[in-house]
Visitor: 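One structure coming up, written as structure tokens, with questions to follow.
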Amino acid sequence: MEQQASQASRRVATSDDVEVSTYLEIAKEKKGQQPLPQEAPKAQGEAVLVIDFGSQYSRLIARRVRECHVYCEIVPYTASWESVSGLNPKGIILSGGPASVYEPGAPLAPTWVYESKLPVLGICYGMQVLALQLGGRVSASARREYGHAVLHQNEVGSPVFAGLPPSVPVWMSHGDQIAELPPGFRALAYTDSSPIAVMGSGSTIGLQFHPEVAHTPQGMDILRNFLYKVCGLSGAWTPQNFVVQAIEGIREQVGDGRVICALSGGVDSAVAATLIHRAVGSQLTCIFVDNGLLRRDEPRRVVELFGRYLGLNLLHVDASRRFLRRLEGVTDPEQKRRAIGEEFIRVFEDEAAELGHVDFLAQGTLYPDVIESQTAENQASAKIKTHHNVGGLPATMHLKLVEPLRYLFKDEVRGAGLALELPEEMVYRQPFPGPGLAIRILGEVTQEKLEVLRACDWIVMDEIKGANLYRELWQSFAVLTDARSVGVMGDYRTYGYVVAVRAVTSQDAMTADWARLPYEVLARISNRIVNEVAQVNRVVYDITSKPPGTIEWE
Ligand code: XMP
């Protein structure tokens, strides 16, 4: 162990041990042009609560509300008023859900929803909950209604329909419907199958259809009307405001404590570290562990950006030999993942121990992780892969967590990154897995194979960027298979590696489709790899979606 530790050379990045690359120059130029985020206007501190009845669309509702620049959080229907009042809610959305309101144990809205007198928008099941709890009646529809329908308004002037034509296409997905309005409510719109497709009384509104899905083309207008005209919100939640609020929040939480943060080179840890640095400056120390499984040029870029350009306290640990030794003889994908994860924690702990007393560990946890861990508590799901993430760090260190991105979606993290003036190249980076290239090398990981894969990966990236496809793709990369094949070059027989190219489109990595890359781009990638990387003589393209495949090969 000691011997291993001594192999991990350790140094603090200084301003003269690296070159400044082009993208940093561009970022510097931009720096002078924009006001610093600290000077942005203060946020309104307003929020909307999305009460989750288990709909597959709850997350989508939250995303849509945020797209209207209104901060919102998804809360369980069991939440107490005390647990949510601190968010300063100005409106409530009741989500859809799979249940029927008359089923035993069907989830209902907590009484504070009605006692608070806040505007309420019930969507699908949420509308039925409103109807039931406010004294109306819900019944099974004679005809279940799934898919497109046309919504006709009964009267003009309802704020939720402001600016919309009298009839609009909507997306339905329900088996129950409102049979009798609660006292004081009016039917505001109908469809062929639902006589009461929209109901309202003052600022309490129920929609039988789903405004949050793309199949309801004017759905965003309806949501915006609810947020701005019914709730009176101003749509002031912008990345700049988030940055200001987050910095204040971190200062409050951290006080004069010391924070450590593992940097991966990815956008999440970059944004988290930059926010914390803005908040508490030199109280933050970042640790960048080079595990030797990174892309070509990656360590240099990270050190340049964070150490030199952003001026963070950065410990750059070259632990590549230590990781390679640990991976010797390991061929099983899960064993590889575990070995890398464990080694990472050891290196990190060793480094952190040298820093002396530390109070906080910064993590780039995002909102989808939070939502997933909330729902996963109630669900038994099969483990597909052991994810190693630089965020998921040692519980044994007993540090308090600082998680400034805990309530952000990925695109909002990118927005915050831009507001913090991080270089676009960093902000729009495609995700890269914690175990790095090791899970893109089938079989044992060796230095030689890493070099082969790095060369192929570089070509894929170069061509994808050259064809202007980088941002359209969720990920694009090369995989070094453990297969070899026979080829011919000149008049000679060759026997070389088979490399697979993988490019996928995705919203959130939960599902993905293989990208229909133009043939010319594939041809250039294949041509260059076979010509420029001597050990490879065959290139194949992976046309598997997820599911049934996963994005990474291991
Ligand atoms: P899969 O292969 O499960 O990957 O379809 C889904 C997404 O997660 C990334 N990935 C990881 N990210 N640590 C990470 O930080 C990991 O261990 C890990 N494994 C996969 C993968 O690149 C894709 O974006």
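Remember, it's 1-based here, ligands and their atoms both numbered in the order they're listed.
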Visitor: So is Met510 in contact with ligand 1, going by heavy-atom distances below 4.0 Å?
Guide: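 Distance cut 4.0 Å: Met510 fails for ligand 1.
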Visitor: Pick, from Lys546, Glu552, Glu554, Arg440, the option with the minimum heavy-atom distance to atom 22 (O) of ligand 1.
Guide: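 Residue with the shortest heavy-atom distance to the ligand atom: Glu552.
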Visitor: Ion pair present between Arg429 and Glu298, side-chain N to carboxylate O less than 4.0 angstrom?
Guide: yes
Visitor: Which ligand 1 atoms, with their elements, are less than 4.0 angstrom from a heavy-atom of Trp474?
Guide: 24 (O)
Visitor: How close do Gly292 and Ser320 get, counting heavy atoms only, and between which atoms?
Guide: CA-CB, 3.3 Å
Visitor: When you check the gap from the basic side-chain N to the acidic O, do Arg301 and Glu425 get nearer than 4.0 Å?
Guide: yes
Visitor: Looking at Asp297 and Arg300, is there a salt bridge between them, counting it only when a charged N and a carboxylate O are closer than 4.0 Å?
Guide: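 A salt bridge is present here (some side-chain N lies under 4.0 Å from a carboxylate O).
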Visitor: Which ligand 1 atoms does Ala509 reach within 4.0 Å, using its non-hydrogen atoms?
Guide: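 So the answer, numbered in order with elements, is 6 (C), 7 (C).
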Visitor: As an exercise, identify every atom of ligand 1 less than 4.0 angstrom from a heavy atom of Gly434.
Guide: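 This gives 12 (N), 13 (N), 14 (C), 15 (O), 16 (C) as the contact atoms.
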Visitor: Find all atoms of ligand 1 within a distance of less than 4.0 Å from any non-hydrogen atom belonging to Thr550, and give their numbers and elements.
Guide: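 Per the distance check, 1 (P), 2 (O), 5 (O).
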Visitor: Can you tell whether the side chains of Arg64 and Glu212 come within less than 4.0 Å, N to carboxylate O?
Guide: no
Visitor: Distance under 6.0 Å and angle within 45° of the ring axis: does Arg471 meet both against Tyr428?
Guide: yes
Visitor: When you compare ligand 1 with Pro435, is there at least one nitrogen or oxygen pair between them that comes in under 3.5 angstrom?
Guide: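 No.
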